[in-house]
Amino acid sequence: MITSVKGTRDLLPPDTRVWNRVEAAARDVFALYGFDEIRTPVLESTELFVRSVGESSDIVHKEMYTFTDRGDRSVTLRPENTAGVARAYVEHSLAQAGRPWKLYYMGPQFRYERPQKGRYREFRQIGAEVLGDPTAVMDAEVIVMLFDFLGRLGFTGLSVSINSVGTEATRPAYVEAVRTFFSSNEKTLGEDDRRRLADNPLRVLDSKDPAVKQLVASETFPKMVDLLPTLDPASDAHHRELKALLVASKVTFKEDPLLVRGLDYYTRTVFEVTAEGLGAQNALLGGGRYDKLISDLGGPKTPGIGFAIGEDRLVDVLPEPFRKKALEGMRAIAVVPVGSADMPDAWGIARLLRGAGLPVDFHSGHRGVGQALKSAEKSGAVIAVLVGQEEGLRGTVVVKTLATRSQEELPREGLAAVLQARL
RNA sequence: GUGGGAGUAGCUCAGUCGGUAGAGCGUCGGAUUGUGGUUCCGAAUGUCGCGGGUUCGAACCCCGUCUCUCACCCCA
């Protein structure tokens, strides 16, 4: 048997109904904020991710699906979607429009990792980006929009963690402070954290090593937000403004000076929402500002802010009422010919009902009326219309309520309207 | 890439001391030729994940491998 590739999975009905509802909610809410959809290729030049996500990141050096195509080009299945959006922005000179772009996307992403709870090699993200507006207002707007969306799905009590990581110009000073701090505590660092300190120092901040956690949690551990007022007043002001706007919008947030993110391109604002029930992979969504990314890709100096939601994880922890409602199928009408001679007649009635806008689950009846009724109910039909010879002569059909098994003979004339009222 | 757990029918699982495989649910047929949910009768379906080894004999023990799963790493 040929099975799906490791770390990939089929989404089957009725689960796909849930996915569709979630995506429809995203489209609705994002549109309220003036966002339009962008669709970028799943396949991109490898160089795009090397330059945007960052060569030092694990994503690039060990998690990408990279291969050489028949034309000898190195291509990669996108591990995230922001780079593609940024690439498209530059490639199509969208900056020329003279306005900020508010874009959202949804689709599959690929990372070659060992699968576990909430982590797949093919996973789906829903994300949004604002390109061309440097203000904290936009940071606040995407976070507010996010909460609006999550609220629509029925989430309550979620809180977003926020932090500022400064700018490319000021971060080295902070990294230095972190290194200095650990230089006197080097012995407590495990192998992993030593490597981090060398390669991607800020990752040490969310180490899972209890000893390191304790150190990092101590009063004396340097925090970027503490350094900002003197080191980077502009970022400090940005951060304060964002907090004020979130307070004004009644979004619950908590400042987490230890919050850092894995992609190299973030500047200033970073944020994250985690959720219970996802095991160790508890990050439900993450985002931040990236004021250098577009120019790094050869575009005009353009600030950006965005987020990405792990859709698989989102569906995993979706509030039950929303899931339940989404799983309810179409309340369809089963049309069943009683005998094979009744097929054309039944067919005509099905067409008539569909024409009136009613969902019809047509049954061939080849295994008998009983089986047809049974399978009709299994696939979610609530009413069955039995089309037979005897009733045909009288210009009627048998209308059966599947749940109660009660039935009555109704005239064909005006049938659609009567059924509409009963659905 | 590293470590733990698991893999038996479509699904959930049992399988004793190593003696060539079972249940429930589901599916299909019949009792019921124009009416399904209950009941009764009957039936089908397995490379016991795969490959090798030990053994007279392996679902069971050993080795390898694949997949799933959980954790590390990393991240959504």
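Numbered from 1 within each chain, the chains take letters A, B, ... in sequence-line order.
- Comparing B:G49 with B:C11, their P atoms are spaced 13 Å from each other, to the whole Å.
- Taking atom CG on A:D193 and atom P on B:C73, their separation rounds to 8 Å, with Å as the unit.
- The base of B:G3 sits within donor-acceptor range of the side chain of A:R114, with an N or O pair under 3.5 Å.
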Practice task
Convert the base pairs of RNA chain B into dot-bracket notation, remembering that pairs crossing earlier ones are written with [ ] and that bases paired across to another strand are shown as |; include only Watson-Crick or G-U pairs under 3.5 Å.
Solution key: (((((((..((((.....[..)))).(((((.......))))).....(((((..]....))))))))))))....
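- Within the 4.0 angstrom heavy-atom criterion, no nucleotide atom of any strand lies near A:A381.
- When each of A:V5 and A:L386 is assigned the nucleotide of RNA chain B with its nearest heavy atom, A:L386 is the one assigned upstream, toward the 5' end.
- At a cut-off of 3.5 Å, with distance as the only test, a side-chain donor of A:Q389 or A:D342 sits close to an acceptor on the other residue.
- Rounded to whole Å, the distance from CG on A:L318 to C1' on B:A76 is 16 Å.
- Only the P atoms considered, B:A21 is 22 Å distant from B:C62, to the nearest whole Å.
- One N or O donor and one acceptor, one from the side chain of A:R313 and one from the base of B:C75, sit under 3.5 Å apart.
- The separation between A:R111 atom CZ and B:G1 atom C1' is 17 Å, rounded to whole Å.
- Note on A:T8: nothing from the nucleic acid sits closer than 4.0 angstrom, heavy atoms only.
- With hydrogens and angles left out, the side chain of A:Q281 and the base of B:A71 share no donor-acceptor pair within 3.5 Å.
- Judged by the 6.0 Å distance and 45° axis criteria, A:R121 is positioned over the aromatic ring of A:Y112.
- Within 4.0 Å of A:I309, counting heavy atoms only, lies no atom of the nucleic acid at all.
- Using a 4.0 Å heavy-atom criterion, one finds that A:R119 contacts the bases of the nucleic acid, with or without backbone contacts as well.
- Legend: residues meeting side-chain contact (heavy atoms from CB on, under 4.5 Å) with A:D133, ordered by chain and number and at least two apart, are A:P100, A:V130, A:T135, A:M138.
- The closest side-chain donor-acceptor pair between A:N81 and A:T40 falls under 3.5 angstrom.
- For the C1' atoms, the distance from B:C48 to B:A58 is 11 Å, rounded to whole Å.
- For A:F35 and A:Y104, the ring centers are positioned 6.0 Å apart or more.
- Residue-to-nucleotide contacts include a donor-acceptor pair under 3.5 Å from the side chain of A:K400 to the base of B:U35.
- Regarding A:R367, its CZ atom lies at a distance of 16 Å from the P atom of B:U35, rounded to whole Å.
- Rounded to the nearest Å, the gap between the P atom of B:C70 and that of B:C60 is 26 Å.
- Using a 4.0 Å heavy-atom cutoff across all strands shown, A:E272 reaches no nucleic acid atom at all.
- Judged by distance alone with a 3.5 Å cut-off, no donor-acceptor contact links the side chain of A:E63 to the base of B:G1.
- Base engagement by A:Q407 is indicated by at least one non-hydrogen atom pair under 4.0 Å involving a base atom.
- Defined by atom type and a distance below 3.5 Å, a donor-acceptor pair is present between the side-chain atoms of A:D232 and A:T170.
- Here A:G279 lies in heavy-atom contact (under 4.0 Å) with sugar-phosphate atoms only.
- Among the atoms of the strands shown, base atoms are found under 4.0 Å from some heavy atom of A:Q389.
- Within 4.0 Å (heavy atoms only), A:G287 reaches no atom of the nucleic acid at all.
- To the nearest 0.5 Å, the span separating CG on A:L158 from OG1 on A:T252 amounts to 9.0 Å.
- Closest-nucleotide positions on RNA chain B for A:R121 and A:K374 were compared, and the one nearer the 5' end corresponds to A:K374.
- The separation between A:R78 atom CZ and B:A76 atom C1' is 13 Å, rounded to whole Å.
- Of all the heavy atoms in A:Q420 and A:L358, the pair that sits closest is OE1-CD2, 3.5 Å.
- Nucleotides B:G46 and B:G10 place their C1' atoms 12 Å apart, quoted to the nearest Å.
- Ionic pairing of A:D296 and A:R51 is not present here: no N-O contact between side-chain nitrogen and carboxylate oxygen is shorter than 4.0 angstrom.
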